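Notes follow the structure.
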Amino acid sequence: MIAELFLSGIVVWLAGAAASLALWRQPAAARRVACGAALAGSLLDLAASSAALFSASPVFIGLPFGNPAFTWAVRLDPLSAFFSVTLAALAAAVSLYSFGYLKGMEGRRNLGAFGFFFNLLLLSVALVFTASNAFFFLVAWEVMALAAYCLVSFEHEKKKARDAGVLFLIMSHAGTGLLLIAFLVLASACGSLDFSSFHLLASRLTPLQQGTVFLLFLFGFGVKAGVVPLHIWIPEAHPVSPSNVSALMSGIVLKTGIYGMARVFFDFYGAPPLWMGTVVLALGVASALLGVLYALMEHDLKRLLAWHSIENIGIILIGFGAALMFRALGQANLAALALIAGLYHTFNHAMFKGLLFMGAGSVVEATHTRNMEKMGGLIRRMPVTALCFLVGAVAISGLPPLNGFVSEWLTYQALLAGFGTTQSLTRLMFPIAGSLLALTAALAAACFVKAFAIPFLALPRSPEAADAREASFTMRAGMAILAVGCVALGLGATWFVPVFDPITQQTLGVRASSALVVAHGWALSPGTAHGGTISLAGMALFFLVAGAAFALPLALRWRRRTVIGPAWDCGLPGLTADNEYTATAFSKPLRMIFSVLYRPRREIQAEYEVSPYYPSAIRFESEIEHPFEKRLYNPLRDRIMAAANRMKGIQAGSINLYLAYIFITLILLLLFGVRG
Amino acid sequence: MERLTENAAQLFLLLVLSPLVTGVIRTLKARLQTRRGPGILQPYRDLQKLFSKGMVIPETASWIFTATPWVVFFSTILAGLMIPMVAAEAPLGLFGGVLAVIYLLGLGRFFLALSGMDSGSSFGGLGSSREMTISALAEPAMMLAIFTVAIGAGSTGLTEIAGAAIGQNWRFLAPSQMFAFAALSLVLIAETGRIPVDNPDTHLELTMIHEAMILEYSGPYLALLEWAASIKQLVLMTLLINCFWPFGLQPTWFGFGAVEGIGWLLGKLLLLSCAIVLLETMNAKMRLFRVPELLAVAFTLGSLALISTFLF
């Protein structure tokens, strides 16, 4: 049954891709077919993978095509099924949203091609999560990269979109190269490409090989996940893609890197050496902190969200890193807690980041700009979008009673418990990671005060913002589904935690939920005795009761003596948008405090006509430095270009010369063959 | 049923005691500055006056503006019910421990900062920006101090933390506890918006933080926000004193012990208030960009606390 559902999902996506390509001359039909197929495929996949998550044994499905040398089979074990559920839940909401979102592109862009790549992307991500051998995995991985590339560069008349696509493609391929080597090392050790034969294999390699394979996987998957310092493509690629694609890219395509790491760290490795966990933990902390610090400086709404993806990947990796360390220290229960924290955050991030990107898409469509400084007051023009965005903002800031708080709380608990697991100085890493996570979360809250208040509150800052129109019904529905998801995953945390039991059982051999869920399903605990509890359902109940019993009646009573009046404008003639605090001004204190990191540069030019008190024009320019681009990638690129320039000499363009090269190569190969 | 009574009792205490603490601090400060001061009951009179007044809501504001006072008030109350005040057991300890308290206060702050920006007046934006900056910088120090305490107790539940502190015969003089106490005290000053970080009595544009965010509020909503600010101050002070000086905490809310417990609580609060008053009177308000240095000191103290947990 699961197999049929899964296969029909695949078939629907394939058919959707083909049909929308065939319908490219009828944009309206292409849009409906593409989004309908994406939605139907997602729902089928959702049904299949959630059933597979709870099935007693992994589900194997041989695909009815392919090559006798490799088994083109998918395997839905708990880990795969969990990521598949994440994909399907997000994709369903995004597909619904796309019905309305793509409508604005009708007639202007080739929706047939869009539908093709969109369905192809969903299909390939689903196969990445479920492929049962390395070869199939890499094929799906590459199809995913190509589909994502085409979608990122979809608005290809813009140079930025093309550049971002190329950057993504280059980095993605560099990462795939590392993965290829790593898989080949594993395959040569066991003589098979099947993931099932890789199980615990990596731990049987020599220590040097173990370390190398680990780093290859970490960086290979890290490129896709956007781990610092491999993150530079994310803030370029997310903002330029259409917003439904950004939602998918950030929500689930980055998670393929996380899936890969989970698969390798917890399936291929048994008990890894301690240093591996510390490396992952340190990278996680660095990504989380740098991600949020750069997000704070953005006033491009979508770029800001892109930086937050890096931050959240960091938080996920803090959980994974702690889990690896606990495994090395032989603490299976704590490892389960940390792994659950990481995976929970993975799912949460898919929900709220998908929601936020869709909200940003609605706003960008309504105001025709990504620049927050030109928005404002949208809460009145777009009330539903504003509410959904607010839910996402509260969730991503990790505030109770929404889902972000649950996963961050679990992460804190894992880090806290980690301190007692070892006597070495390594244990200091746990509380330091915890305090930096606290800094990250607080900065994220500051950033989302800005990201919500500047576009949505106060007065419109441009005529476009003043005339903004609310998003269409399907777009609102898509956002509302994820907003409800964010609330449900927060309040229903105790019902959601048992979902991880099969995964921890499979990877760590423990089932944690019975220890984590206490007080008859009302509260969550870290699983240690007297470890402290939280009950988000309880908190929500408190707010609900207090709100209904006091806030509502009193607010109604006070309304009778309320006057609507102008805000204080210092006696000037009326408040205008020019008086408002800007996004740049909002983050100015942090820009000054962290100026060592940002190295801000600003330039002010004023022109005067009569006296210096009355400037006729002021030009203000401000920018911050991005150290990884400047110090790592740009020199690297320059080296490569210089080397390519030097090698240009051997390409003289003469056919005789090329024939000579071929001849020399043949001779060398022959010699090599004879000697071998 | 017992639990409900405990909650009601603590709720009553939070609501009634919090303006008193504010009043005592103001009066003590006035006396130290050789002024007479308005009297310790003035905050009650202020609240009463504000609640009976009408209010003006800016025409530029949205529903966020009217929702915020409630969110701030209720989240602060909820946080207050999660800490042990009189009995060693926190009435709503099941709903969350010290992390939940911090994040609930964070929820209130998030909405307060939003409402500051909601009216479109630049003062609000100024206040929100500064508030979010300072609270973000205070967070790592606070978390280190809390980790130190929580590691000692093996729990983030405040009932367990207070219990552990009682059980160890008052280990306050242990270096780790002293450092954590010092770090948390500095954070408390920043979080409650007191001198030298913020001045709760000022309405000078250049210096105000919390007052700037609530500048557009009037009448009952202003009363709610002022009350919530008092409760938040009481909650954080109680958190500090009951984590580090847990003596006098009673096994239960019921019986004569409760009176004794309330007496202890009042005594400890008075002591801490005196310390705050001394600090406020002896220091001038810092420039905004000196505050990170103060919080860096707190962070260093927090790190020292943590390191000394296994050195000593």
Side-chain angles (χ1 to χ4, degrees), chain A residues 379-380 394 397-400 405 409 412-413 416 419-420 428 431 434-436 438-439 442-443 445-446 449 452-453 457-459 519 522-523 528 530-535 538-539 542-543 546-547 551 555 558 561-569 575 579-581 585-586 588-590 592-593, chain B residues 54-62 64 66 70 74 78 93-97 99-100 103-104 106-107 110 113-114 117-126 128-130 132-133 135-137 139-144 147 150-151 154-157 160 215-216 219-220 288-289 292 302 306-307:
Chain A
I379 194 168
R380 263 177 297 277
V394 173
S397 306
L399 295 171
F405 178 65
W409 186 82
Y412 282 124
Q413 293 295 346
L416 195 63
F419 193 76
L428 271 182
S435 74
L436 292 181
L439 177 62
L443 288 173
V449 166
F452 181 78
L457 298 182
L459 295 164
W522 271 93
T528 49
H530 311 297
T533 51
I534 47 163
S535 169
M539 291 187 203
F542 176 89
F543 283 124
W558 292 341
R561 32 189 171 108
T562 300
V563 185
I564 308 289
W568 170 237
D569 51 15
L575 203 63
N579 297 105
E580 284 172 356
Y581 233 52
F586 185 87
K588 171 99 186 184
L590 285 164
M592 287 182 69
I593 290 163
Chain B
M55 56 183 156
V56 184
I57 289 181
E59 58 205 4
T60 41
S62 65
I64 298 278
T66 41
W70 298 111
F74 290 140
L78 184 54
L94 179 69
F95 283 19
L99 293 173
Y103 273 76
L104 276 170
L107 177 72
F110 186 86
L114 285 185
M117 318 249 324
D118 198 11
S119 66
S121 140
S122 44
F123 293 124
L126 174 150
S128 305
S129 160
R130 292 178 178 176
M132 295 313 285
T133 303
S135 67
L137 295 176
E139 208 78 344
M142 172 141 78
M143 203 50 83
L144 276 185
F147 262 59
I151 284 166
S155 171
T156 54
E160 286 81 8
L215 199 62
E216 290 297 332
L288 182 68
F289 290 101
L306 200 72
I307 292 168

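Protein chains get the first letters and strands the later ones, always in sequence-line order, with residue 1 at the start of each. Every value quoted in this text rests on a predicted model; they were computed, and no experiment measured them.
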Quick check: does any side chain N or O of [X] sit under 3.5 Å from a backbone N or O of [Y], one acting as donor and the other as acceptor?
{"X": "B:E59", "Y": "A:A567", "answer": "no"}
{"X": "A:S435", "Y": "B:M143", "answer": "no"}
{"X": "A:R380", "Y": "B:T60", "answer": "yes"}

Does some side-chain heavy atom of [Y] sit less than 4.5 Å from a side-chain heavy atom of [X]?
{"X": "B:M55", "Y": "A:V563", "answer": "no"}
{"X": "B:M117", "Y": "A:F452", "answer": "no"}
{"X": "B:F289", "Y": "A:P589", "answer": "yes"}
{"X": "B:M132", "Y": "A:L443", "answer": "no"}
{"X": "A:Q413", "Y": "B:L99", "answer": "yes"}
{"X": "A:F543", "Y": "B:L78", "answer": "yes"}
{"X": "B:S62", "Y": "A:L457", "answer": "yes"}

Q: Give a yes or no on whether the ring-centroid distance for A:F405 and B:Y103 is below 6.0 angstrom.
A: yes
So for [X], is it side chain, backbone, both, or neither that comes closer than 4.5 Å to the heavy atoms of chain B?
{"X": "A:A585", "answer": "backbone"}
{"X": "A:A445", "answer": "both"}
{"X": "A:F419", "answer": "side chain"}
{"X": "A:F586", "answer": "both"}
{"X": "A:L416", "answer": "both"}
{"X": "A:I564", "answer": "both"}
{"X": "A:A551", "answer": "both"}

Q. Who wins among B:G157, B:G54, B:G106 for the most heavy-atom pairs under 4.5 Å with chain A?
A. B:G54
**Q.** Verdict with reasoning, B:F95 to A:I534, per side-chain contact (heavy atoms from CB on, under 4.5 Å)
**A.** CA-CA 5 Å; B:F95 283 19; A:I534 47 163; over 6 Å; no
Q | Gap separating the CD atom of A:E580 from the OG atom of B:S119, nearest 0.5 angstrom | A | 8.5 Å
Q) Going from OG1 on B:T133 to CE on A:M592, what distance comes out if it is rounded to the nearest 0.5 angstrom? A) 11.5 Å
Q) Which bit of B:A61 comes within less than 4.5 Å of chain A, counting heavy atoms only: side chain, backbone, both or neither? A) backbone
**Q.** Interchain contact, B:L126 with chain A, by part (heavy-atom threshold 4.5 Å)
**A.** both
